[in-house]
Each structure stands twice: as C-alpha cells, then as structure tokens.
Engineer: 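There's a structure below that I have some questions on.
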Amino acid sequence: MRNPEPNTVGGEQREAALDPDELIEWFTAEGRDLPWRGPDVDGWGVLVSETMLQQTPVNRVLPIWREWLERWPRPSDLAAAPQGEVLRAWGKLGYPRRAVRLHEAAGVIASEHGDRVPSDVDTLLALPGVGTYTARAVAAFAYGERAPVVDTNVRRVVARAVHGAGDAGNPSPKRDLADVDALLPADDHRASGMSAALMELGQTVCTVRSPACESCPLHHGCAWRAAGKPAYDGPPKKVQRFAGTDRQVRGLLLDVLRGSEGPVPRASLDAVWSEAAQRDRALDSLLVDGLVEQTEDGRFGLPGEQ
DNA sequence: ATCCGGGGGA
DNA sequence: TCCCCAGGAT
C-alpha cells in the first residue's frame with residue numbers, strides 16, 4: 001500500500017513517509033548479527049552495550065562487551081566489583097566516566113529494581129549515565145517497546161529520506177523525538193523493529209561520506225535521492241580538538257594507573273606530560289570525577305585500591 | 001555551549 | 001590533517 005509518487009503532490013516537494021515494513025524486512029535480511037542483538041540478551045546486556053556504544057564504534061566495543069557480560073552477567077555482579085576493576089575492564093574505550101556511571105546505575109538497579117533493568121523510559125532516565133537516547137534504546141531493543149530512538153544515524157537518515165536534506169543540523173532533542181515519533185507505526189513490535197532498522201540503515205548504508213543508495217531498501221521512498229542528493233547546507237558542525245587537550249592528558253594519566261598493579265608515586269604520573277600546570281589540572285579533574293584516588297601516603301591509584 | 005577518550009578512515 | 005563515531009552531564 002504505497003503511494004506511487006511518494007515525494008511529490010501536484011508537482012511540489014512533499015515529505016516522504018517511510019515504509020516501516022520495507023525497513024523491517026530489510027533489517028531482518030541484512031542487519032548485522034551483533035551479539036547484543038541475540039535472543040538471550042536481557043535488558044542488562046542491552047544497557048551495557050548501549051552505554052559502551054556512546055560515541056564509540058562497534059568494532060571497539062565487541063570484545064569489551066563480551067568480557068563484561070561473562071564477568072558481570074547481572075547488575076548486582078558489576079555493582080559488587082571495585083571501581084578500579086571496572087575502570088581496568090573498561091580499558092581504552094574512552095570517556096571512562098561512562099564506566100563509573102554504569103557502575104552506579106548497576107547499584108541502583110540491584111537495590112531498587114530487583115536486579116532487573118527497568119523497561120519504563122522515565123525510570124531508565126533516572127539512572128546515572130542514561131539519557132534521551134539510551135533510555136529509549138533500552139526500552140525499544142531490550143523490551144520491544146515503541147519509543148523513538150534518535151541517535152546521530154537516525155537523525156541523518158530522517159534528514160535525508162524524509163526532509164530531503166544533505167544531513168541533520170544541530171541536535172534538538174524535542175524536535176528530533178517528535179520527528180521520529182511521527183514515523184513509527186502504532187504497535188510496539190513493528191515500532192521497535194523500525195527503530196532498529198533506521199539505526200542500522202544509517203550505520204551501514206546511509207553513511208555520512210559514501211551513502212550506498214544502490215543498496216538502500218527505500219530506493220524510491222527517499223526524499224534526498226529524489227531531490228538529487230543535495231549537499232549539506234546547515235550550520236557548520238563543531239569540531240572538537242583532541243591533541244593537546246586536557247582530555248588527552250587525562251587519558252594518559254589514567255592509562256598509567258590502568259597499567260599498574262596498585263597506586264603509583266606522583267613522579268610516575270609527572271612523566272607522561274611535560275607541562276606541569278595542565279598536568280595538575282587534569283589530575284585534579286580526575287580526582288573530582290572519582291576516577292582517581294589519592295592514598296594516605298600521597299600516591300595515586302584507581303578508586304578502591306589501597 | 002563545552003567538556004569528556006581514543007582510534008581509524010579518507 | 002580533518003572528521004566521524006549507538007551521547008550525557010553541566
């Protein structure tokens with residue numbers, strides 16, 4: 001039941017309404033067989049995967065996710081682990097505050113939710129480290145609920161296929177949610193399937209640099225393609241520098257502590273960055289964030305390690 | 001609006 | 001080099 005001319009009405013451009021079944025069918029056939037999509041993965045496995053995947057490519061998450069789920073199969077298992085062990089197991093995934101927050105969330109889930117990850121979006125949002133995206137991703141992917149899941153990929157797919165734009169502009173959570181909500185079918189099962197399909201499409205086909213339109217299940221249902229694939233014309237995207245920033249220094253300091261058996265003297269940290277002022281600032285911020293602790297004799301280590 | 005890791009592809 | 005990557009908290 002498709003509109004024969006989905007993108008035009010009376011010769012004028014119109015917004016495309018994506019066909020859920022077309023997307024779901026494509027996802028069923030072509031979606032990657034990622035481990036956190038397995039039938040025996042529960043809400044905990046999904047929450048761990050979604051947290052690790054924040055700003056982090058799939059290939060780097062895969063081995064760490066497997067290790068975590070084997071080692072800490074339930075929230076209470078992670079909650080019982082020392083912070084330092086959690087940070088070591090996080091390795092170099094980046095943004096280690098995610099690990100601290102996930103550790104905290106595991107404690108809340110264990111003590112207040114019967115060791116079961118909640119399925120309700122508002123309850124999920126109350127957990128540390130769980131925001132607009134992750135709450136809905138867990139509800140949709142772990143529990144099959146209808147929830148608009150909007151990540152950078154979905155924003156791009158919708159901007160192109162629905163609005164005919166080259167890419168999405170700056171994020172606007174309320175508008176983005178309403179935008180995607182309007183695309184989802186009414187029933188939970190198909191809505192969650194469409195959410196998964198939209199993300200997969202953006203990751204594997206409708207990519208930033210080289211979209212594979214010839215492999216796209218939407219073919220004639222894409223407003224961007226119909227409009228001749230116009231270039232992105234929105235506001236310039238922010239580019240965050242990394243080299244020379246406090247983030248780099250924090251990473252170097254933490255890497256020393258991950259690689260040591262226990263706390264290290266100040267000199268071991270001083271060796272990784274020559275500029276003292278920035279080094280001190282980075283170390284202070286790590287202490288504030290609870291990623292590093294100082295022992296009574298003045299050495300530094302991961303939290304919970306004497 | 002900024003900060004928060006780290007790696008890999010073009 | 002530049003830019004991107006399943007974002008969240010402040």
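Naming convention: chains lettered A, B, ... in sequence-line order (proteins, then strands); numbering from 1 in each chain. Both backbone and side-chain heavy atoms feed into the values below; hydrogens, waters and symmetry mates do not.
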Engineer: Do the charged groups of A:R71 and A:D77 touch, with an N to O distance under 4.0 Å?
Structural biologist: no
Engineer: Say we look at B:dC4 and C:dC5: how far apart would their C1' atoms be, to the nearest angstrom?
Structural biologist: 15 Å
Engineer: If you take any heavy atom closer than 4.0 Å to DNA chain B, which residues from residues 117-132 of chain A end up in contact?
Structural biologist: none
Engineer: Answer with base, sugar-phosphate or nothing: what part of the nucleic acid does A:L34 contact at a heavy-atom distance below 4.0 Å?
Structural biologist: base
Engineer: Counting only side-chain N and O atoms of A:R97, is one of them less than 4.0 Å from OP1 or OP2 of C:dG7?
Structural biologist: no
Engineer: Side-chain N or O of A:K92 versus OP1/OP2 of B:dG7: is the shortest distance under 4.0 Å?
Structural biologist: yes
Engineer: For atom C1', what is the distance between C:dA6 and B:dA10, given to the nearest Å?
Structural biologist: 22 Å
Engineer: Taking Watson-Crick (N1-N3 plus N6-O4 or O6-N4) and G-U wobble (N1-O2, O6-N3), each under 3.5 Å, can you produce the dot-bracket string of DNA chain B? Use [ ] for crossing pairs and | for inter-strand ones.
Structural biologist: ||||.|||||
Engineer: Where the side chain of A:Q54 is defined as all heavy atoms beyond and including C-beta, which of B:dG5, C:dG7, C:dC2 is the nearest nucleotide?
Structural biologist: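 Among B:dG5, C:dG7, C:dC2, the one nearest the side chain of A:Q54 is C:dG7.
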Engineer: Which is true for A:P96 with a 4.0 Å heavy-atom rule: it touches a base, it touches only sugar-phosphate, or it touches nothing?
Structural biologist: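 Sugar-phosphate contact only.
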Engineer: Respond yes when some side-chain nitrogen or oxygen of A:T56 is under 4.0 Å from OP1 or OP2 of B:dG6, and no when none is.
Structural biologist: no
Engineer: Describe the nucleic acid contact of A:N59 in one word from base, sugar-phosphate, nothing, applying a heavy-atom distance below 4.0 Å.
Structural biologist: nothing
Engineer: Once you apply a heavy-atom cut-off of 4.0 Å, does A:R32 come out as touching a base, just sugar-phosphate, or nothing?
Structural biologist: base
Engineer: Name the nucleic acid region contacted by A:L254, choosing base, sugar-phosphate or nothing; use a 4.0 angstrom heavy-atom cut-off, strictly under.
Structural biologist: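 Contact class for A:L254: none.
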Engineer: Does A:Q248 or A:K238 map to a spot on DNA chain B nearer the 5' end, using the closest nucleotide for each?
Structural biologist: A:K238
Engineer: B:dG6 phosphate, OP1 or OP2: any side-chain N/O from A:R247 under 4.0 angstrom?
Structural biologist: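 Answer is no, no contact under 4.0 Å.
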Engineer: If you look at every strand shown and take non-hydrogen atoms under 4.0 Å, does A:T245 touch a base, only sugar-phosphate, or nothing?
Structural biologist: nothing
Engineer: Which heavy atom in A:Q278 sits nearest to a heavy atom in A:G244, and how many Å separate them?
Structural biologist: NE2-O, 2.9 Å
Engineer: Within the structure, does a side-chain N or O atom of A:R60 lie under 4.0 Å from either OP1 or OP2 of C:dA6?
Structural biologist: no
Engineer: What contact category does A:R37 fall into here, base, sugar-phosphate, or nothing, at under 4.0 angstrom with non-hydrogen atoms?
Structural biologist: base
Engineer: Using only side-chain N and O atoms of A:R258, determine if any of them is under 4.0 Å from OP1 or OP2 of B:dG6.
Structural biologist: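 The answer is yes; a side-chain N or O of A:R258 sits under 4.0 Å from OP1 or OP2.
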Engineer: Taking any heavy-atom pair under 4.0 Å as a contact, classify A:R136: base, sugar-phosphate, or nothing.
Structural biologist: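 Since no nucleic acid heavy atom lies under 4.0 Å of A:R136, the category is nothing.
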Engineer: So what does A:S210 touch, heavy atoms closer than 4.0 Å: a base, only the sugar-phosphate, or nothing?
Structural biologist: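 Answer is nothing: A:S210 stays at 4.0 Å or more from every strand.
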Engineer: Sticking with atom P, work out how far C:dT10 lies from B:dG5, rounded to a whole angstrom.
Structural biologist: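 One P to the other, the span is 14 Å.
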